[in-house]
Amino acid sequence: MTPESLLWTPLRIGATTVKNRIMLSPHRQAYGDDNQPTDRMIAYYVERAKGGVALVDGESTSVSRRLARASAESGPSGWRLTAWEERVIPAFARLAEALHAHDCKIFMEFSTFGVNQGARIDFDDWYPVRGPSRVPSPGGTEIPWEMDQGYIDELVEDYGRSAANMQKAGIDGVEVHAAHGYLPMQFLSPAFNKRTDRYGGSPRRNAQLLVEIGESIREWVGDDYTVGMRFSFDEYVGDAGVTPELAEEYLDIFAATGFYDFFSISSGSYHSFHYAVPAMGSVPQAFLVDYGKRAKQVVGDRAKIFLAGRILDLATAERVVSSGAADMVAMVRAHMADPFLITKTLEGRESEVVRCVGANECLATGFRGRRMHCVMNPAVGREQRWGEGTLQPAEVAKRIAVVGAGPAGLRVAGVAARRGHRVTLFEESTEVGGHLDLLKRLPTRGDWQKMIDNLTRVADDTGVEVRLGIAAGSADLAGGKFDEVVCATGSVWDRSGLSGGRADRSGIPGADAPNVLDVATAARRALDDPRALGAKVVVLDDCGAYLPLGLAEVLGSAGVDVEVISRFAVIGQHLVETLELPWMLPRLAAAGVTLTPNHFVEAIGERRVEVYTTWNKRTRIVEDVDTVVLAMLRSPRDELYHELLVGGTVPVHRIGDAVSPRTTSDATYEGEKLGREL
């Protein structure tokens, strides 16, 4: 990658000129407050602008006075932005000014949810869900009120007024969200639009709402302002929805109006949202490049084409632009992981770039009603405290021992060493990475190696002494060798069968049998030999995580008879939040794995398991079982911490799973935090 690359050529988009071809497409952070941008949001975007991003397309913002009013209860969360009220103009002006100071332009995306909007979000103003027809959301059952002409006219006006507010704030342009199953796309999709009036019944009439929205915006802001559209090229439901062929027809209609200066190509809808933000191992890089080429061919010189779709490095971005698939490339998750990937690459420091692994923790926060974070980069959302330039040298350089080279231990070691401490990292295994060293070996999980590489590179570059194959005890840490000790010793899977769903007992009868294994032990054996667990295996999933399902896929693919049992209504419930489950379930089906939700294990006997339904306690016996795998609770490995604490010779800390078994994001957060405090 050189400064002469096509990526660094300026681009004119309507009335806006950007300095290069790399952008952030809209993504939910939930960093706003009172429905307007905050210092936290501004700091997040500015960090990426400092790193070289030329264009920010801001978080999806409400335009309708009715569908998402300017109140704390009116959006999917209390942090939802609005553009419709004039009171928000000063806050958006601060955002625009902050980005312009770094030669970065900003557009704001306009959204209305339609049938996917909750009807009772505003407690004091209940109303029916609104949509093009009486077809409910695939994610719900509320029957929509079919939008009448008066309401459509009002909504069209709201788009125009909202655009004028953004223009007054100094925002460089606006984007109409007609992708991912939002209301404008519902009018485009035959799956939702069953109308026979001027807004439905043919592609041209289905497109009428977006034509009117574009016309309204132009009437409010004029021609000397940038307006574009986010557009799903494929709904992935066949002829029932938007197909690539229908998408080409729509793009031709919209480009012919002259209202839209760019089209930002994505894919998926609420029927297929896992295509909108693909998870680790699900799709290749730049998987939408062919759709970008088709869109570019249709639009020609009438508008610019932006393209998203898991573009993780600048070499791939360069190929996308050079191939003619796009004029502008969106790299969102890549810039969450490393805001300075452009600067580092141009300065010949590409090896220092922190790589996104596609864990989709950033996306899962929305399902949990939380602000966005990143498993790779704890500074996301905390740029004011932990952004570039905030790490201060230690006042006194100390000798620090870190025990455990998982994500928490590697993170704290690297951060502490960057501050000038002399760090020794002990790891009882012959490999670093902790639980990631196991996960990376399972199907579609290979990208976890990127996280291990990111963390070990920092440790290597800062002179951390890594001692592998040493189970450090108090004797190794005593004798004045170290000034402080950090226990990042992780956790172990529990084999007792204790479950939060069975308060009446301390475990599963028979769980101590030799053919019962915890999920980590079982996975290691299966990876060495998929037939090592026998011909028939029962997996009890009481955690909802990836590991038991990844094990089931390995076993099933090798011809093992596998049944996964869970007391939850959805097996792999945490994979729903990261959008991994829609990719995982077809693979499990292909591997012949049986999934049995709403069930639990009553007892384990010799080659038999007694299973019952959670609602009526009806039992059945699974016979001829060779191995039972328990994926249930985890216990912290905190013995060393307590031993050192009692000894009291040096200050001792614990982080990550050694405190309480949680997620990798918790581990890296605590590693960053303690590394800055030591």
Side-chain angles (χ1 to χ4, degrees), residues 47 51 337-341 343-345 347-357 374-380 382-383 385-434 436-437 448-470 472 476-477 481-490 650-656 658 664-665 667-678:
E47 188 88 339
D338 195 334
F340 293 88
L341 74 88
T343 300
K344 290 177 181 178
T345 302
E347 293 177 354
R349 298 185 291 127
E350 190 171 4
S351 63
E352 298 179 18
V353 173
V354 177
R355 303 295 182 185
C356 169
V357 301
C374 174
V375 66
M376 306 301 297
N377 180 10
V380 165
R382 306 178 182 104
E383 284 79 10
R385 290 189 295 147
W386 290 354
E388 186 75 7
T390 62
L391 191 67
Q392 298 299 312
E395 294 182 5
V396 177
K398 300 176 183 178
R399 297 165 300 169
I400 306 292
V402 178
V403 184
L410 286 168
R411 189 83 193 189
V412 71
V415 174
R418 286 178 62 200
R419 296 183 58 226
H421 294 304
R422 288 179 291 163
V423 181
T424 302
L425 178 60
F426 296 91
E427 170 54 49
E428 66 181 1
S429 171
T430 57
E431 299 288 339
V432 300
L436 299 182
D437 186 54
W448 278 122
Q449 182 63 48
K450 293 180 182 179
M451 184 171 197
I452 297 173
D453 292 342
N454 288 334
L455 292 168
T456 54
R457 178 188 48 76
V458 174
D460 291 342
D461 291 349
T462 54
V464 174
E465 181 184 355
V466 180
R467 299 184 184 178
L468 299 177
I470 298 177
D476 301 288
L477 307 172
K481 302 185 189 76
F482 300 101
D483 301 308
E484 298 195 37
V485 176
V486 179
C487 292
T489 42
V650 296
V652 58
H653 314 269
R654 59 176 169 166
I655 56 175
T664 305
S665 293
T668 54
Y669 167 81
E670 290 181 0
E672 180 77 23
K673 184 174 184 292
L674 181 59
R676 289 172 173 267
E677 295 172 350
L678 288 170

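Below, all heavy atoms of this structure are taken into account, side chains as well, without hydrogens, waters or symmetry copies. All values derive from a computational prediction rather than experimental measurement.
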Side-chain heavy atoms of L410 within contact of T456, under 4.5 Å: yes
Side chain R419, main chain L678, donor-acceptor under 3.5 Å: yes
Inter-residue atom distance E427.CD - I470.CD1, 0.5 Å rounding: 10.5 Å
Would you mind checking if K344 and E352 are paired as a salt bridge, meaning a charged N to carboxylate O distance below 4.0 Å? no
Is T343 reaching over with its side chain to a backbone N or O of G51, donor-acceptor style, under 3.5 angstrom? yes
If you count the non-hydrogen atoms of other residues, nucleotides and ligands that lie under 6.0 Å from CD in E347, is the total more than 12? yes
d(N454 CG, Q449 CD) to nearest 0.5 Å is 10.0 Å
Minimal heavy-atom distance between G433 and P407, with the atoms involved, is O-CD, 3.7 Å
So how far is it from L391 CG to W386 CH2, rounded to the nearest 0.5 Å? 11.0 Å
Provide the full list of side chain to side chain donor-acceptor pair (under 3.5 Å) pairs with a residue in residues 668-678, sequence neighbours left out, each pair given once. T390-R676, R411-E672, R662-E670, E672-R676, K673-E677
Return the CG to CD1 distance between D483 and I400, rounded to the nearest 0.5 Å. 6.5 Å
Heavy-atom closest contact (F482 atom, D476 atom, distance): CE1-O, 3.9 Å
State which residues pass side-chain hydrogen bond (donor to acceptor under 3.5 Å, both in side chains) with D437; sequence neighbours excluded, sorted by chain then number. K440
Shortest non-hydrogen separation from L425 to G409 and the atoms involved: CD1-O, 4.2 Å
Determine, step by step, whether I655 and V412 satisfy the side chain to side chain contact (heavy atoms under 4.5 Å, CB included) criterion, reporting the C-alpha distance in whole Å, the side-chain angles of both residues, the deciding distance to 0.1 Å, and the verdict. CA-CA 9 Å; I655 56 175; V412 71; 3.8 Å; yes
Under 3.5 Å, side chain of R457 to main-chain N/O of S351, donor-acceptor pair present? yes
Give a yes or no on whether R418 atom CZ has more than 12 heavy-atom contacts from other residues, nucleotides or ligands under 6.0 Å away. no
Is the closest side-chain heavy-atom distance between V403 and L477 below 4.5 Å? yes
Is the backbone of E47 close enough, under 3.5 Å, to the side chain of E388 for a donor and an acceptor to pair up by distance? no
Please find the pair of heavy atoms, one from C374 and one from V380, that lie closest to each other, and give the distance. CB-CG2, 3.6 Å
Q392 meets the side-chain hydrogen bond (donor to acceptor under 3.5 Å, both in side chains) criterion, sequence neighbours left out, with none
State, yes or no, whether a side-chain contact exists between N377 and V354 at a heavy-atom distance under 4.5 Å. no
Can you give me the closest heavy-atom contact between C487 and V652, atom names plus distance? SG-CG2, 4.1 Å
If you measure from CD1 on I452 to CD on E431, what distance do you get to the nearest 0.5 Å? 8.5 Å
What distance separates L455 CG from D460 CG, expressed to the nearest 0.5 Å? 11.0 Å
Taking every non-hydrogen atom, the tightest pair across A337 and M376: CB-CB, 4.1 Å
